[in-house]
2 protein chains.
Amino acid sequence: MPQDGPSLEEGTDPPHDAKAGSFVDDYLLYLLAAVSDRASGQFHAHVRAHGLRAPEWRVLACLADEDGAMVTELARLSLLEQSRLTKIIDQMAARGLVSRRADPVDARRVRVFLTHQGRAQAVGLVADARAHEARLLALLTEEEAGAIKPVLRALLARMERS
Amino acid sequence: MPQDGPSLEEGTDPPHDAKAGSFVDDYLLYLLAAVSDRASGQFHAHVRAHGLRAPEWRVLACLADEDGAMVTELARLSLLEQSRLTKIIDQMAARGLVSRRADPVDARRVRVFLTHQGRAQAVGLVADARAHEARLLALLTEEEAGAIKPVLRALLARMERS
DNA sequence: TACATTAACATGAAATTTCATATAATTTGA
DNA sequence: TCAAATTATATGAAATTTCATGTTAATGTA
């Protein structure tokens, strides 16, 4: 278990100097936030070029997976707060991307559906997202690329129940 | 190289069903955002209990590493937009956590320093952050825990230059 | 030198986000 | 069955965030 700092591997990265101070560059939550921010930022530029903002894209993507989700479900999935999601849905509905429908069995629940147009957007962007993801993964070695999602999923799953 | 889905390892996670749809649960940027959100969310609760909001904590943490950073530098480090950071610094300065000082050699630059009080906060929270990080990493196997930071750093480094 | 260009930061108005709470429907359980 | 208690979503005001642009200082260059 080599522990002499990052990478004796191959396509050597700049020595990861730990620049000035050394906290954030070695802090897991910072690395996660930084990678997420920059990586998502790249794709969000594309998303905005299609007239959507990041949270709207997230909602579309989640609905692509689970059309007819109730607001609370959708908020959790799309990493948005409920009251914020409600307002985002307002706007998306006004633009014809989604529609609301009361749940027939529990009238408190509001289910959110993609419209025809919304689904078209979602399908297109999901394809673009997959392509972008492939480009990102191509920056990693096979080993790294193979490890990253399972590790993230493991962490996510084990955080839920703790 | 076993490749029959996540983990033949040990503390088996729920089979990662890919629930209903199957896009987001397998999408790297989603996993990153989700893990980052939930993990940081945990710590941010602690941060708020100390009277700071998440972006303020990020600024403190970055300054702990690089006291006297100029605004633009600090914005990049702390993953905040410049104009937003400027306003956050206003507030933090008003509360006595940081102070501004013009750069002697280039008067356009504004350098941001921790005050005595700011540093105290930073030091305390950084320690707490390390402890929290340890608890998160304890959710992973040794192999997973050993892999996660290097992979994130690799991705980050290679994204910068692309 | 002086002019144009670029860089660093600040600012203001518009938009979004947050937080607490309102409203309405369902469930609990006495 | 009725009155709490709880769940689901919406709403409004205050705060933050964004976006475009203003201001000031430095740099390149003719």
Side-chain angles (χ1 to χ4, degrees), chain A residues 33 36-38 40-41 43-45 47-49 51-60 62-63 66 68-95 97-113, chain B residues 33 36-38 40-41 44-45 47-60 62-63 66 68-95 97-113:
Chain A
S36 182
D37 257 51
R38 302 225 209 282
S40 287
F43 189 65
H44 292 165
V47 163
R48 275 190 299 277
L52 296 175
R53 284 167 315 158
E56 294 165 344
W57 148 240
R58 285 202 176 142
V59 170
L60 281 192
C62 292
L63 286 176
E66 213 162 311
M70 50 181 281
V71 172
T72 302
E73 247 177 315
L74 190 55
R76 180 174 162 70
L77 250 185
S78 53
L79 312 175
L80 296 168
E81 225 198 336
Q82 178 265 314
S83 82
R84 187 177 166 194
L85 176 60
T86 290
K87 288 166 193 185
I88 289 172
I89 291 172
D90 287 344
Q91 298 181 143
M92 294 178 75
R95 284 194 280 151
L97 294 170
V98 302
S99 72
R100 280 189 242 242
R101 236 165 71 204
D103 185 304
V105 43
D106 184 339
R108 290 170 303 181
R109 299 180 174 180
V110 169
R111 300 206 165 266
V112 184
F113 295 87
Chain B
S36 182
D37 257 50
R38 303 227 209 280
S40 286
H44 291 165
V47 164
R48 274 190 299 277
H50 285 246
L52 295 176
R53 283 167 315 156
E56 293 165 345
W57 147 241
R58 285 204 176 141
V59 170
L60 280 193
C62 292
L63 285 176
E66 214 163 312
M70 49 181 282
V71 171
T72 303
E73 248 176 315
L74 190 56
R76 179 173 164 71
L77 250 185
S78 54
L79 312 175
L80 297 168
E81 226 197 335
Q82 178 264 313
S83 83
R84 188 178 165 193
L85 175 61
T86 289
K87 289 166 193 183
I88 288 172
I89 291 171
D90 287 345
Q91 297 180 142
M92 293 178 74
R95 284 194 281 153
L97 294 170
V98 302
S99 72
R100 280 189 241 243
R101 235 165 72 206
D103 185 303
V105 43
D106 183 339
R108 292 170 303 180
R109 300 182 175 179
V110 169
R111 301 208 164 264
V112 184
F113 295 87

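Throughout, protein chains are lettered first and strands after them, A, B, ... in sequence-line order, and every chain is numbered starting at 1.
From B/L80, atom CG reaches atom CD1 of B/I88 across 5.0 Å, with rounding to the nearest 0.5 Å. Considering CD1 of B/I89 and CG of B/L97, their distance stands at 11.5 Å, rounded to 0.5 Å.
Among the heavy atoms of the strands, none lies under 4.0 Å from B/E73.
Of the two residues near DNA chain D, A/T72 and B/D106, the one whose nearest nucleotide lies more 5' is A/T72.
When rounded to the nearest whole Å, the span between NZ of A/K87 and P of D/dT11 equals 9 Å. Atom CE of A/M70 is separated from atom P of D/dA10 by 11 Å (rounded to the nearest Å).
Inter-residue side-chain proximity for B/Q91 and B/K87 is flagged as unmet; no heavy-atom pair is nearer than 4.5 Å. A/L85 has its side chain out of reach of A/R58: every pair of non-hydrogen atoms, C-beta onward, lies at least 4.5 Å apart. A/V47 places none of its side-chain heavy atoms less than 4.5 Å from the side chain of A/E56. Between A/M92 and A/V59 there is a side-chain heavy-atom pair separated by less than 4.5 Å. Using a 4.5 Å cut-off on side-chain heavy atoms (C-beta onward), A/R76 and A/T72 make no contact.
Using a 4.0 Å cut-off between charged side-chain N and carboxylate O, B/R111 and B/E66 make no salt bridge.
Taking a heavy-atom distance under 4.0 Å as the criterion, the stretch of DNA chain C touched by chain A extends 5' to 3' from C/dT16 to C/dT26.
If you check residues 75-86 of chain A against DNA chain C, the residues with a heavy atom closer than 4.0 Å are A/E81, A/S83, A/R84, listed by number.
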